[in-house]
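Read the structure below first, then the notes.
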Amino acid sequence: MSRLLSIEELILQTDASGAPVRLEYVRGHPRWEALPSSRHQKALRYIERSVRPVDAHLMGCACFTLADVLIRFPDPDRSLKRPDLAIFCTEPPDSDEAIDMTPAAVVEVLSPGYEDKDLGPDGAPFYLTYGVRDVVVFDPRRKTAVHFQAGSAPVTWQGPATVVLACGCQLEVPG
């Protein structure tokens, strides 16, 4: 008799299969997404390489980055999201499963057809509700970034620009 897979096991098996899709589980619903294009990956790599502590910032954040890591969030559904880039103040533990550590900041790069995933209720608003302090959504076609912070109106940046995060890190968005 076979047993049913948990949603996390399904996500990890999908990853291991080499299928050209990613799976998330948000607020009780699965969400499939095609693997990112070269434009998406290049923009993300540029941003990730630019992340560093702000000079003279005393917060002590290590600005540790992980791309495409599976994170279990503390919402009632135990959502499993995979931000394009997660920024942590301390290095997360090594794991072959989802990590239970909320990032200080998240960067999402928009892909055509998936804008609602990053800008809709399960995108920036979700992250902010569950403890992420900064969410930056970058559109590589328009070269713009929208910076979301809890309790503040979103700020739009035209690249190239430096975005300073509440945790004491900064990042560059390309122009």
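Since the model is a prediction, treat every value here as computed from it, not as a measurement. Residues: numbered from 1 along the sequence shown.
D77 and Y25 get closest at one heavy-atom pair: O-CE2, 3.6 Å. In terms of heavy-atom proximity, P174 sits nearest to I47 at CD-CG1, 3.9 Å. Looking at every heavy atom in both residues, A105 comes nearest to V132 through CA-CG1, 3.8 Å. The shortest heavy-atom contact between Q158 and A161 is O-CB, 3.7 Å. When all heavy atoms of R27 and H29 are compared, the closest pair comes out as O-CD2, 3.2 Å. Shown here for P76 and Y130, the closest heavy-atom pair between the two residues is CD-OH, 3.7 Å.
Applying the salt bridge (Lys or Arg N to Asp or Glu O under 4.0 Å) test to R52 and every residue at least two apart in sequence or in another chain returns E172. When the salt bridge (Lys or Arg N to Asp or Glu O under 4.0 Å) test is applied to D84, the partners found at least two apart in sequence or on another chain are R22.
How far CZ of F73 is from OG1 of T102: 6.0 Å, rounded to the nearest 0.5 Å. Distance check, rounded to the nearest 0.5 Å: CG of L80 to CD1 of I11 gives 4.5 Å.
In this structure the side chain of R78 never reaches within 4.5 angstrom of the side chain of E8, judged on heavy atoms. At least one side-chain heavy atom of P103 sits less than 4.5 Å from a side-chain heavy atom of I71. In this structure the side chain of E33 reaches within 4.5 angstrom of the side chain of K117, judged on heavy atoms. Taking the side chain as every heavy atom from C-beta outward, D15 and R82 approach each other to under 4.5 Å. A 4.5 Å side-chain heavy-atom check between S111 and D118 finds every atom pair outside the cut-off. Residues C169 and P53 have side chains not in contact (no heavy-atom distance under 4.5 Å, counting atoms from C-beta outward).
Applying the disulfide bond (SG atoms under 2.5 Å apart) test to pairs two or more places apart or on separate chains, those with a residue in residues 70-161 are C61-C89.
Under the 4.5 Å side-chain heavy-atom criterion for grouping Ile, Leu, Val, Met, Phe, Trp and Tyr, W157 is connected to V136 within one hydrophobic cluster.
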Could you please spell out the steps behind the side chain to side chain donor-acceptor pair (under 3.5 Å) verdict for Y127 and E108?
CA-CA 11 Å; Y127 287 125; E108 295 285 9; 2.8 Å; yes
Run the numbers on R31 and D122 for salt bridge (Lys or Arg N to Asp or Glu O under 4.0 Å), then give the verdict.
CA-CA 10 Å; R31 182 182 290 254; D122 292 340; 3.5 Å; yes
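A donor-acceptor distance shorter than 3.5 angstrom exists from the side chain of E9 to the backbone of S6, with no hydrogens or angles considered. Here the side chain of D134 pairs a donor or acceptor atom with the backbone of A166 at under 3.5 angstrom. D139 places a side-chain N or O within donor-acceptor distance of the main-chain N or O of R141, the cut-off being under 3.5 Å. A donor-acceptor pair is defined here as one N or O able to donate and one able to accept, closer than 3.5 Å; no such pair exists between the side chain of K42 and the backbone of R39.
Using modelled atom types, one finds no donor on one side chain facing an acceptor on the other under 3.5 Å when comparing T162 with Q170.
Under a cutoff of 6.0 Å and an axis angle of 45°, K81 and F126 form a cation-pi pair.
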